Amino acid sequence: MPTGLTFTSKVLSASLTRVVVVGKKSDLEAFVTNKGLSFLTDVEHDQATRFSLACIQAMSPSPFNGDSTSMTVPTSPPAPLPFCRFCFVATPNDASRYNSVVRPDAIARQVKSFVGAEKSGGDSLENLQVIYVIPENDAPSASRNAMALTFANGLSRALPTYTRKGNETETPTKAAATVSFFNTDGSVFGDELLYTNIGHVSVSIRQCAHFVDMPCNELHCTTFSQFARDLVKDMPVEVEEIVGEELLEKGLGGIYGVGKAAVNPPRLLILKYTPEGAKDTIAWCGKGIVYDTGGLSIKGKTFMPGMKRDMGGASGVLNAFIACVRMGYENNLYCLLAIAENSVGPEATRPDDIHIMYSGKTVEINNTDAEGRLVLGDAVAYASKNFNPSILVDMCTLTGAQGVATGQLHASIVCNDEAFELSTVGAGKSSGDLVHPLMYCPELFTKEFKSAVADMKNSVASRSNAQVSCAAQFIGNHLSEEFLEKNVWLHIDMAYPSHAGERATGYGVALLTQLFALNL
């Protein structure tokens with residue numbers, strides 16, 4: 001089974017094989033000096049303190065990676081080993097105003113070797129205590145509680161759960177980690193509610209990444225839907241599903257057109273959480289393209305590998321939804337997963353075909369590899385017409401231009417409401433799922449989709465005109481002017497932050513839970 005993570009203020013004091021302490025170098029020094037390691041009963045405290053301070057003082061954190069080091073300290077019986085390994089991760093000292101002060105990117109890179117123990121024989125379970133030393137004061141961009149959430153986000157990213165090595169289905173380890181937050185004075189930080197909620201978010205981040213890492217022969221349209229159903233089966237959640245030909249019958253021509261060539265039929269899966277006493281309604285829509293060949297506008301051999309991740313947006317909103325329900329979110333919450341496989345076959349959509357969308361608008365296809373906007377155009381139109389949410393979010397791995405515009409760690413957002421745009425940027429900094437805003441200018445970008453025979457084309461006339469904003473605008477074209485005047489619409493393009501190298505990150509879960517439910 002994967003490395004277990006248990007978030008609790010009840011620290012392990014004995015039978016530990018490793019202690020991993022993370023924080024800024026100055027905070028690590030203060031924590032150790034103030035007898036922060038005195039909770040350990042298997043080691044001689046003065047010796048552990050001296051050795052630890054020597055290790056920390058020798059560290060030299062770089063601006064990008066920080067620094068890490070480790071040492072061993074003798075233990076006393078009945079400790080499982082004659083020594084305990086102490087591991088220290090010093091995070092970078094600085095972060096610009098566009099970054100998280102916690103630096104979860106560096107944490108994810110540094111803690112992996114210390115926390116993710118690979119199975120190396122034997123059946124005994126390694127017990128680890130992971131500690132994040134919280135800075136003494138709130139930062140302008142993150143409270144101390146939010147810093148705890150951001151650390152958990154970075155830690156969770158570092159520990160993927162999916163593998164098929166050795167014909168396993170989960171990463172095999174023999175490690176169980178207890179995760180606690182400490183003040184620099186050596187006392188435990190945070191109440192149990194904070195730990196419980198962060199635990200829910202961590203589980204959902206790792207589950208999100210697990211789905212994104214799965215190949216399409218294991219996670220296709222049908223199985224993705226079933227996995228989602230399994231996650232909510234014991235929750236107060238109503239499930240509705242529109243599948244295959246029924247999509248066409250109900251006017252969802254975008255989702256149907258993208259997925260009709262695949263063996264497993266496309267669908268719109270709708271999860272409905274409506275708690276008693278709810279005063280507001282929120283809807284999240286996720287792009288769930290379980291594989292994207294590009295369709296008849298087919299991708300080349302170097303661009304197609306990795307397209308199993310094209311459902312990262314749907315996985316993000318699904319698992320954020322699960323976390324919010326577990327935390328007892330107080331408002332109505334609808335999660336719409338637009339699931340399809342953009343495949344090649346006799347039934348595949350052709351360039352020049354015209355689809356009728358749920359909005360009632362017609363779309364001339366000039367690029368079958370611009371499919372995500374089609375399924376999301378249907379999803380947002382369905383959500384706006386049937387649920388009238390005060391805030392409507394779509395999340396997607398939509399464009400390669402996102403990485404060019406805002407990089408590998410910051411998702412691009414487009415929003416019709418300036419105040420909510422700023423709130424989203426703030427939630428990104430305080431959760432570790434970073435975002436950066438781009439232009440919302442319908443009057444400038446709608447013209448890019450002009451068609452002689454339909455209401456619009458699905459791909460732009462000019463590829464040098466704010467590609468991310470244009471792709472967002474196509475989705476926004478399927479929301480009514482009345483809806484956009486009265487309600488908030490947020491578009492999140494997270495094509496690059498959804499993965500780091502060949503591994504998924506679980507991006508989106510921490511962002512949405514912080515923005516809507518936690519507000520730490």
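In this chain, residues are counted from 1 in sequence order. The shown structure was predicted, so the numbers you read here are calculated from the model rather than taken from an experiment.
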Query raised in the report: Do S202 and S156 come close enough that some side-chain heavy atom pair is under 4.5 Å?
Result: yes
Query raised in the report: Which heavy atom of Y329 sits nearest a heavy atom of A517, and at what distance?
Result: CD1-CB, 3.8 Å
Query raised in the report: What are the two closest heavy atoms between A510 and S431, and how far apart are they?
Result: O-CB, 3.6 Å
Requested in this report: Check the pair V239, V232 against side-chain contact (heavy atoms from CB on, under 4.5 Å), reporting the backbone distance first and the verdict last.
Outcome: CA-CA 9 Å; V239 180; V232 303; 3.9 Å; yes
Query raised in the report: Does any donor atom in the side chain of T163 or E168 lie under 3.5 Å from an acceptor atom in the other side chain?
Result: no
Report task. State, yes or no, whether a side-chain contact exists between R503 and R157 at a heavy-atom distance under 4.5 Å. Result -> no
Query raised in the report: P135 versus M147: any side-chain heavy-atom pair under 4.5 Å?
Result: yes
Query raised in the report: Is the number of heavy atoms from other residues, nucleotides or ligands under 6.0 Å of Q47 CD greater than 12?
Result: yes
Report task. For the pair F516 and I282, evaluate side-chain contact (heavy atoms from CB on, under 4.5 Å) and give the outcome as yes or no after the intermediate values. Result -> CA-CA 9 Å; F516 287 93; I282 309 297; 3.5 Å; yes
Report task. Using only heavy-atom distances, determine whether the side chains of E192 and S9 contain a donor-acceptor pair under 3.5 Å. Result -> yes
Query raised in the report: Between Y98 and H410, is the ring centre distance below 6.0 Å?
Result: no
Query raised in the report: Measuring from R103:CZ to Q110:CD, what's the distance to the nearest 0.5 Å?
Result: 10.5 Å
Requested in this report: State, yes or no, whether a side-chain contact exists between F86 and V32 at a heavy-atom distance under 4.5 Å.
Outcome: no
Query raised in the report: Is the backbone of A158 close enough, under 3.5 Å, to the side chain of K112 for a donor and an acceptor to pair up by distance?
Result: yes
Query - D27/K25 salt bridge by N-O under 4.0 Å criterion - result: no
**Report entry** Minimum heavy-atom distance between A383 and P389, given as atom pair plus value
**Finding:** O-CD, 3.4 Å
**Report entry** Sub-6.0 Å ring centroid separation between F211 and F227
**Finding:** yes
Query raised in the report: Does some side-chain heavy atom of L219 sit less than 4.5 Å from a side-chain heavy atom of M311?
Result: yes
Query raised in the report: Does the side chain of L490 reach to within under 4.5 Å of the side chain of M395, using non-hydrogen atoms?
Result: no
Requested in this report: Look only at the side chain of S423 and the backbone of A419, and say whether a donor-acceptor pair between them is shorter than 3.5 Å.
Outcome: yes
Report task. May I ask you to decide if K429's main-chain N or O and S141's side chain share a donor-acceptor pair within less than 3.5 Å? Result -> no
Report summary line: CD1 of I289 to SG of C221, rounded to nearest 0.5 Å, is 8.0 Å
Query raised in the report: With no hydrogens and no angle check, is any side-chain donor or acceptor of T3 less than 3.5 Å from a backbone partner on L159?
Result: no
Query - Y132 ring center within less than 6.0 Å of F182 ring center - result: no
Requested in this report: State, yes or no, whether a side-chain contact exists between L392 and V488 at a heavy-atom distance under 4.5 Å.
Outcome: no
Requested in this report: Starting from the C-alpha separation in whole Å, work towards a yes-or-no answer on side-chain hydrogen bond (donor to acceptor under 3.5 Å, both in side chains) for Q129 and S180.
Outcome: CA-CA 8 Å; Q129 176 66 59; S180 306; 3.2 Å; yes
Query raised in the report: If only atom types and distance count, is the side chain of D310 paired as donor or acceptor with the main-chain N or O of Y291 below 3.5 Å?
Result: no
Requested in this report: Answer yes or no: is there a side-chain heavy-atom contact under 4.5 Å between T178 and L128?
Outcome: no
Requested in this report: Would you please test N183 and E136 for side-chain contact (heavy atoms from CB on, under 4.5 Å) and show each step?
Outcome: CA-CA 7 Å; N183 296 298; E136 288 186 11; over 6 Å; no
**Report entry** Reported CZ-to-CG distance for the pair R309 and D213, which is rounded to 0.5 angstrom
**Finding:** 8.0 Å
Query raised in the report: What's the verdict on salt bridge (Lys or Arg N to Asp or Glu O under 4.0 Å) for R373 and D394, showing C-alpha distance, side-chain angles and the deciding distance?
Result: CA-CA 10 Å; R373 62 196 68 182; D394 73 80; over 6 Å; no
Query raised in the report: Just by modelled atom types, is the N519 backbone N or O under 3.5 Å from a matching donor or acceptor in the Q514 side chain?
Result: yes
Requested in this report: Start with the C-alpha gap between T281 and N332, add the side-chain angles, then the distance that decides, and say whether side-chain hydrogen bond (donor to acceptor under 3.5 Å, both in side chains) holds.
Outcome: CA-CA 5 Å; T281 297; N332 295 326; 3.3 Å; yes
Query raised in the report: Donor-acceptor pair, R18 side chain versus F114 backbone, under 3.5 Å?
Result: yes
**Report entry** Nearest-0.5 Å distance, CD1 of residue I198 to CG of residue N153
**Finding:** 10.5 Å
Report task. Output every pair passing side-chain hydrogen bond (donor to acceptor under 3.5 Å, both in side chains) with a member in residues 85-97, not counting sequence neighbours, ordered by first then second residue. Result -> S70-R85
Report summary line: All heavy atoms of T150 vs all of S430, minimum pair found to be OG1-O, 3.1 Å
Query raised in the report: Are T399 and D493 close enough that a side-chain donor and a side-chain acceptor fall under 3.5 Å?
Result: yes
Query - Nearest heavy atoms of S498 and Y507, plus distance in Å - result: CA-CB, 4.1 Å
Query raised in the report: Taking the side chain from S68 and the backbone from F88, do they hold a donor-acceptor pair closer than 3.5 Å?
Result: no
Report task. Could you label the plane-to-plane angle of the Y162 and H210 rings as parallel, tilted or perpendicular, counting under 30° as parallel and over 60° as perpendicular? Result -> perpendicular
**Report entry** Salt-bridge contact R164-E218 (side-chain N to carboxylate O under 4.0 Å)
**Finding:** yes
Query - Option passing side chain to side chain contact (heavy atoms under 4.5 Å, CB included) with V201 (candidates L512, I322, L149) - result: L149
Requested in this report: Apply side-chain hydrogen bond (donor to acceptor under 3.5 Å, both in side chains) to the pair N342 and D292, showing each step before the final yes or no.
Outcome: CA-CA 5 Å; N342 190 18; D292 182 17; 2.8 Å; yes
**Report entry** Within 6.0 angstrom of Q408 CD, more than 12 heavy atoms from elsewhere
**Finding:** no
Query raised in the report: So, are R109 and D105 salt-bridged, with charged N and O less than 4.0 Å apart?
Result: yes
Query raised in the report: Do M439 and V468 pass the side-chain contact (heavy atoms from CB on, under 4.5 Å) test, and can you show the C-alpha distance, the side-chain angles, and the key distance before you say yes or no?
Result: CA-CA 9 Å; M439 301 84 71; V468 178; over 6 Å; no
**Report entry** From K287 atom NZ to I475 atom CD1, the distance as rounded to the nearest 0.5 Å
**Finding:** 9.0 Å
Report summary line: Rounded to the nearest 0.5 Å, the CG atom of L231 sits from the CG atom of N319 at a distance of 6.0 Å
**Report entry** Set of residues satisfying side-chain hydrogen bond (donor to acceptor under 3.5 Å, both in side chains) with respect to T406, sequence neighbours excluded
**Finding:** Q402, S412
**Report entry** side-chain hydrogen bond (donor to acceptor under 3.5 Å, both in side chains) assessment of S390 paired with D280
**Finding:** CA-CA 7 Å; S390 64; D280 200 0; 2.7 Å; yes
Query raised in the report: Parallel, tilted or perpendicular: which describes the rings of Y195 and F181, with under 30° parallel and over 60° perpendicular?
Result: parallel
**Report entry** Shortest non-hydrogen contact from W284 toward V317
**Finding:** CE3-O, 3.7 Å
Report task. Spell out, as yes or no, whether a donor-acceptor pair under 3.5 Å connects the side chain of H436 to the backbone of A405. Result -> no
